[in-house]
Structure formats: structure tokens, C-alpha cells
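Atom set for the values below is all heavy atoms of this structure, side chains included, hydrogens, waters and symmetry mates excluded. Convention: sequence-line order gives letters A, B, ...; per-chain numbering from 1.
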2 protein chains.
Amino acid sequence: MARPPAAREKILAAYCEIVSSEGERAATLEATAARAGVSKGGLLYHFKSKDALADGVLERLGQAAEADLARMRASPEGPSRYFVRTSVETGTELDTFFVVVMRLAAGQHPGAAEALAAVHGSWWQLIREEVGDDAVADTIMLIGDGIYHHAAMPGSGSTGSTAGYFRGRLDAVLEQVDELRALARARTASGAG
Amino acid sequence: MARPPAAREKILAAYCEIVSSEGERAATLEATAARAGVSKGGLLYHFKSKDALADGVLERLGQAAEADLARMRASPEGPSRYFVRTSVETGTELDTFFVVVMRLAAGQHPGAAEALAAVHGSWWQLIREEVGDDAVADTIMLIGDGIYHHAAMPGSGSTGSTAGYFRGRLDAVLEQVDELRALARARTASGAG
DNA sequence: GTCTATAGTAAGATAGAC
DNA sequence: GTCTATCTTACTATAGAC
């Protein structure tokens, strides 16, 4: 897999930035080209259509998700904590692509909803293996989704790499994830799992 | 407050339906007018611009949220359970407006993000009063947000009034909400709150 | 590989008839 | 209060020069 042309990457990045910060509608070919520092014609050399641009993001989401899954699997704190903790992080490669694909899914872009579901399913499986209980895996996923929902919400006050609302509150939420995890283990140990 | 013209309501409903199911971009004046059974000119008599249409939804969200808050306050099961349980419901009046305003917020519509934050803040306060602990109120809100995140996600398989994924799983999640609530009360009682 | 120029289409909004 | 007709603008995409 050779490195793709630099212009292609700049265009994809520009498209993602506009979709994330101003919405899918604002990411016109002209606006994307301008932000990437190329002309409309130059953009269309690399991506034959607007849909091709969106498909490019879908592909990159898959790659970023695979890398994240490997980190999650190797994480010393365990998949649950890793998942909840990183749900609050904005600005990572994975986060960027995830937000963009969510916006594309809202606009019924073909394949976007499926791509999100696939990533989500992989996360769930890792957490399920760790906690050994479907319902607790569901709840932990929901907490992470809820945090993500906040982080991805416009006007959530995220100034840096972390959504403003949860700066300082994340630790308390993580403690409750631990408690749920402990409850699940106790239940499994007592044979009710 | 006299009943507004029937056409106005039909137009607003048509706009919401298209934004929810096909995305904001698909909700053009023409498409909205067609679904409402009026012409573009007819639509523009009631709403002077596309922005006015969106502002109409913001206003209705406020009304629906007020009504929901009253039900939440009066609910015998308590605000926490009420909030989490109703987060899975799709197709209610409040849900419809909430999803639409979320899409508008994603497109940077002025006031949309603020409207969502206001509704969210009211919910949090009621739950905070019930559980008596900031962190547990946060976590319960996150679980509800996570469910909502799923329910609002396109392709979540919602066929009726409930998101498909959580049909049959909601009870197990609600039990864990009870557990978190119990933990918070125990903590408060022991003076560590 | 990137540009300019332009064709073709669709959107938001206005004017005036009924 | 609702319609048709029309204006204007903006967007996607193509063609061909450099």
C-alpha cells in the first residue's frame, strides 16, 4: 500500500473538517477545494464525484477503526474503560472520521450506516468478552455512546481534545463503569450470568 | 393561543418527516410542499423562508419538551427510569422534534444547539434532584443519551415505535439504572456524597 | 496533475393571477 | 390562502488548455 498523493489527503482532510464543523451541506466541492488549496477541477481529478469523496471517508473510517480495535484489545485498563475513556476524546483520527460518517448516515449516504454499525459491533464484542454479561456490555456501550453523543454535538464547548462538559467528570463516570463491571462479575460468579 | 391554520401544521409535519427520514438536505421547499400537499408558493405564505421553517420546529420543540418535563416530574417510577425508558421511544412528538433539531444543529442552524442544551439541562436537573449525586445523574443521562443515539441513528432497525436493537434489552438496562440509583443513595446516606 | 471556463441542473425566493 | 410563472443564485460535473 504505497502512500497516496499528498493532494488527495489534503482534500479528504478538508472535506472532513468542513463536514464536522459546518455540516455536510457546507462541504461543497468549491468550499472543499478552497480549504485544501486546490481548484474545483483539481479536486475532481482525485475524486470523480461528491459521492466518491464520501466513499473515501468510509474507507478511512474502516482503517482507523481497525487500528483502534487493536489498541483497545491491548489496553491494560481493559476494553470497557478504554472505550468509555476514549469516547470523550475529540480530534483523534478515528473520531474525525466517525463524526463525518455519522453526518453522512444522517443524509442517507449508501453504506454509511452499515459502516457505523460494523465498528460498533466490533467494540461491543470486545466489551462483552471482558464483562461476560450481555446487559452490562449494553449499558457500558450506552455510556460511551452517550458521551460520544455529547462530544459530537455542536456547541458542546469542546475547546481542546476533550469535550468541555466532561472534563473533570469523566473519572467519576469511569468509577461507575468499574462498579457495573464488578456487579457483572459477581453475578457471573454466583451462576446467574 | 388559537389553533394555527391546518396547512401550517401539515407543512411543519412534512418538513419534520423528510428531515428525519432522508436528512436535512432532502427537505427542500419543493419536497416539503409536495409532501404537505401544497405548492411552493403556498408553503412560503406560511413560512417566509427556509430558516423560518426551521425556527418553527425549534418553537415546537420547546413546547413538547415542557409537556414531557411535566410528565417526567409526575411519573411514579421516578425521573431516572422515565428518562431512560422514554429515550428508546421513537415517533413521539418530542422525539420527532428532537431528532429534527439535532439535524439542524449539525448544520449550524442558529439556536438549534442552544435549544437542545436547554432541554437536556432540564432533564439533568430533575434526575439530579432524584438521585442526589452529580456523577450518578451524569451516568444515567449518558445511558439515556446512548439509547437515544442508537434510536436516532439511521438504519437502527426501528420498525415501530421502539428502536429494534433495544426491544427486549431495555428491562435489563433499567435494572442497572436502579442499581446505580441505589449505590448513589447508599453513598449519600453514609455521608460520602 | 492542476487549472479556467462553462454547461446543466436544482434550489431559494419573488410577483402577481385567482 | 393558494396557485403558476419566473428570477437569481449556487452547486455538480465536464471539456479542454497548460
Side-chain angles (χ1 to χ4, degrees), chain A residues 1-59 100 103-104 106-112, chain B residues 1-59 100-101 103-112:
Chain A
M1 193 131 70
R3 69 246 95 97
R8 221 188 116 96
E9 292 309 292
K10 281 196 77 164
I11 290 165
L12 218 44
Y15 176 73
C16 287
E17 285 164 25
I18 298 172
V19 173
S20 301
S21 63
E22 297 167 55
E24 192 272 336
R25 202 161 197 188
T28 65
L29 295 182
E30 206 156 83
T32 304
R35 186 177 255 259
V38 297
S39 72
K40 227 192 291 193
L43 186 159
L44 285 161
Y45 169 79
H46 293 285
F47 299 95
K48 277 189 277 292
S49 70
K50 227 198 156 194
D51 265 26
L53 204 45
D55 289 339
V57 179
L58 286 193
E59 200 190 319
V100 172
R103 300 276 163 90
L104 294 176
Q108 300 280 94
H109 183 88
Chain B
M1 196 133 70
R3 68 245 97 96
R8 222 188 116 96
E9 291 307 293
K10 282 195 78 164
I11 290 165
L12 218 44
Y15 175 73
C16 287
E17 284 163 26
I18 299 173
V19 173
S20 300
S21 63
E22 299 168 57
E24 191 272 337
R25 201 160 197 189
T28 64
L29 294 183
E30 206 157 82
T32 304
R35 185 177 256 258
V38 297
S39 70
K40 225 194 290 196
L43 187 158
L44 284 161
Y45 170 79
H46 293 286
F47 298 95
K48 280 188 274 293
S49 70
K50 228 197 157 196
D51 265 27
L53 204 45
D55 288 339
V57 179
L58 286 194
E59 200 191 321
V100 172
V101 176
R103 301 275 162 88
L104 294 177
Q108 300 279 95
H109 182 88

> If you check the A:K50 side chain, which of D:dC3, C:dA13, D:dA13 turns out closest?
Replying inline: D:dA13

> Rounded to whole angstrom units, what separation is found between the CD atom of B:E24 and the P atom of C:dA11?
Replying inline: 12 Å

> On DNA chain C, nearest-nucleotide positions of B:K48 versus A:G37: which is more 5'?
Replying inline: A:G37

> For A:R25 and A:L43, take the nucleotide of DNA chain C holding the closest heavy atom to each; which residue's nucleotide lies nearer the 5' end?
Replying inline: A:L43

> Is A:K40 close to A:T32 at the side-chain level, that is, under 4.5 Å between some pair of heavy atoms?
Replying inline: no

> When you measure from the side chain of A:L44, which nucleotide among C:dG12, C:dC3, D:dT14 comes out closest?
Replying inline: D:dT14

>> In whole Å, I'd like the distance from the CG atom of A:L29 to the P atom of C:dT2.
In response: 16 Å

> In whole Å, what is the span from the NZ atom of A:K40 to the P atom of D:dA15?
Replying inline: 15 Å

> Between atom CZ in B:F47 and atom C1' in C:dG12, what is the gap in whole Å?
Replying inline: 16 Å

>> Side chain of B:S49, heavy atoms from C-beta onward: which of C:dT6, C:dC3, C:dA13 has the nearest atom to it?
In response: C:dA13

> If you measure from CD on A:E24 to CD1 on A:I18, what distance do you get to the nearest 0.5 Å?
Replying inline: 11.0 Å

>> What's the closest nucleotide to the side chain of B:S39 if the choices are D:dC3, C:dT2, C:dA13?
In response: D:dC3

>> Return the CZ to CG distance between B:F47 and B:L29, rounded to the nearest 0.5 Å.
In response: 11.5 Å

> CZ/A:R35 to CD/A:E30 distance, rounded to the nearest 0.5 angstrom?
Replying inline: 15.0 Å

> Atom NZ of B:K10 to atom P of D:dG1: distance rounded to whole Å?
Replying inline: 17 Å

> Would you say a side-chain N or O of B:Y45 is under 4.0 Å from OP1 or OP2 of D:dT2?
Replying inline: no

> Starting at NE2 of A:H46 and ending at C1' of D:dA13, how long is that distance when rounded to a whole Å?
Replying inline: 17 Å

> Charged N to carboxylate O under 4.0 angstrom, A:E22 versus A:R103?
Replying inline: no

>> Rounding to an integer number of Å, can you tell me how far A:I18 CD1 sits from D:dC11 C1'?
In response: 14 Å

> Within the structure shown, what part of the strands sits under 4.0 Å from A:T28 by heavy-atom distance: base, sugar-phosphate, or nothing?
Replying inline: sugar-phosphate

> Mapping A:E30 and A:G41 onto DNA chain D by nearest heavy atom, which one lands closer to the 5' end?
Replying inline: A:E30

